[in-house]
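For reference, the structure is listed below as structure tokens.
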Amino acid sequence: MMMQANQDDILNNLAAIRARIRAACEKVGRHPDEVKLLLATKTVSPERIKIALASGATLIAENKVQEVKDKYAALKDTPHTAHFIGHLQTNKIKDILRCDVACVQSLDRWDLAEKLQQKCAAAGKILDVLIQVNTSGEASKFGVAPHETLALVRQVAALPNLRITGLMTIGLLSDDLAQVRACFRLLKQLQNDIQAAAIENVQIQELSMGMSGDLEVAIEEGATIVRVGSAVFGAR
Ligand SMILES: *Cc1c(COP(=O)(O)O)cnc(C)c1O
């Protein structure tokens, strides 16, 4: 059984993840610098997050607003960039903005976009967003439906305080790698479709996909951000 990782484990695990990223890039002729490692830090204490940040990690993300509020004050003197990767209720937007989250990766609906726009305008802030797509079709997953993605991108592109920088998805949780790969391939296809539509103010550079169990497949299919939690910090 996987245990919660101690300090040495975290450092070893980080090195192992970086090696996996390099190997996956090499396999498909990509440069490792094209893939950013984002640490998914849900349930991980600020002390343990700091161990990873001290070892060269820079990008962290929570998926619950409560954890952002509870933990980020303790990290404010440790350089890092914070993204948000969980379902976001509109009444919690102010907490995200107050805690200096640089990018919301989970923008998946118009009412959230409208409210984000209002709050960012009031705060005089431009927020990076990724559009979360439900590529697996599972009813339990958040995300805009693939066929509605381009329309949502067009709408969000017109909002002056939001800057769409990419797409995010959670692959199917399955041992069938072909089905997992199909999710990632679909996200890449949507990126191509959006770029082909040449929408003003939209540059879809980032594809946030791949986690501890499937990051190689995601990198093979074009991931630029992999989100890794348990493979670094151990069991939750
Ligand atoms: C927890 C989480 C991850 C990381 O999952 P692991 O399997 O622990 O690597 C990635 N993305 C999201 C949205 C998450 O909530």
Side-chain angles (χ1 to χ4, degrees), residues 1-5 9-10 12-21 24 35-46 48-49 51-53 57-72 80-89 92 96 101-109 112 128-144 165-177 179-181 183-184 186-187 206-219 221-236:
M1 198 189 79
M2 189 165 42
M3 307 275 288
Q4 181 172 311
D9 294 335
I10 291 172
N12 288 336
N13 292 345
L14 267 176
I17 286 292
R18 292 193 177 108
R20 281 174 63 185
I21 292 172
V35 181
K36 292 186 268 293
L37 172 60
L38 175 150
L39 298 179
T41 50
K42 56 177 166 275
T43 77
V44 180
S45 68
R48 298 170 73 234
I49 296 172
I51 295 168
L53 291 174
T58 56
L59 195 54
I60 60 173
E62 293 293 341
N63 66 332
K64 292 215 169 73
V65 174
Q66 192 58 49
E67 286 200 63
V68 172
K69 288 168 68 179
D70 291 345
K71 287 151 64 172
Y72 281 8
H80 66 272
T81 302
H83 288 193
F84 188 75
I85 56 176
H87 182 63
L88 184 54
Q89 291 170 287
K92 307 240 164 103
I96 293 290
V101 167
C103 175
V104 169
Q105 294 204 1
S106 46
L107 178 50
D108 61 354
R109 59 199 193 277
L112 176 59
D128 285 351
V129 295
L130 307 191
I131 303 294
Q132 181 176 358
V133 184
N134 183 352
T135 55
S136 68
E138 293 165 286
S140 61
K141 294 251 175 85
F142 292 107
V144 63
T165 58
L167 304 176
M168 184 272 251
T169 200
I170 300 171
L172 187 72
L173 186 62
S174 165
D175 292 334
D176 182 348
L177 284 189
Q179 284 191 55
V180 178
R181 187 180 298 278
C183 295
F184 299 148
L186 177 53
L187 201 70
E206 307 290 0
L207 289 182
S208 174
M209 56 190 194
M211 320 201 301
S212 292
D214 56 17
L215 68 90
E216 283 85 357
V217 183
I219 289 171
E221 298 301 330
T224 66
I225 300 173
V226 292
R227 308 180 307 269
V228 177
S230 53
V232 170
F233 296 108
R236 288 187 283 267

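These numbers come from a predicted model, not from an experiment. Just so you know, these numbers use all the heavy atoms, side chains as well, and skip hydrogens, waters and symmetry mates. One-based numbering along the sequence shown. As the structure lists them, so they are numbered: ligands from 1, and atoms in each ligand from 1.
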Quick look: Ala40 vs ligand 1, heavy-atom contacts under 4.0 Å, and the answer is side chain
Problem set entry | Donor-acceptor side-chain pairing of Ser136 and Glu138 below 3.5 angstrom | yes
re atom 9 (O) of ligand 1, the protein heavy-atom contact at minimum distance is Ser212 OG, 2.5 Å
among protein heavy atoms, the one nearest atom 11 (N) of ligand 1 is Arg227 NE, 2.9 Å
(request) Say whether, by atom type as modelled, one donor and one acceptor occur between the side chain of Thr81 and the main chain of Leu59 under 3.5 angstrom. (result) no
Sidechain-backbone polar pair: Arg20 side chain, Glu216 backbone, donor-acceptor under 3.5 Å: no
The answer for which part of Asn63 has a heavy atom under 4.0 Å from ligand 1 is side chain
dist His80:NE2 -> Leu53:CG (nearest 0.5 Å) comes out at 7.0 Å
Near Val228 (heavy-atom distance under 4.0 Å), the atoms of ligand 1 are 9 (O)
Exactly one candidate in Lys64, Lys71, Lys69 meets side-chain hydrogen bond (donor to acceptor under 3.5 Å, both in side chains) with Glu67; the answer is Lys71
If we number the atoms of ligand 1 from 1 as shown, the ones under 4.0 Å from a heavy atom of Gly229 are 4 (C), 6 (P), 8 (O), 9 (O)
*Under 3.5 Å, N or O to N or O, is Met168 touching ligand 1 that way?*
no
Atom 10 (C) of ligand 1: closest protein heavy atom, distance to 0.1 Å, is Met211 SD, 3.1 Å
Going by atom types only, do Thr41 and Glu62 share a side-chain donor-acceptor pair under 3.5 Å?
yes
When distances are taken from atom 15 (O) of ligand 1, the protein heavy atom at minimum range is Lys42 NZ, 2.7 Å
With a 3.5 Å cut-off and no angle check, do the side chains of Ser208 and Gln105 form a donor-acceptor pair? yes
(message) For Arg236, state whether at least one heavy atom is located under 4.0 Å from any atom of ligand 1.
(response) yes
among protein heavy atoms, the one nearest atom 12 (C) of ligand 1 is Ile85 CD1, 3.6 Å
Exercise for the section: Say whether, by atom type as modelled, one donor and one acceptor occur between the side chain of Arg181 and the main chain of Asp176 under 3.5 angstrom. Expected result: no
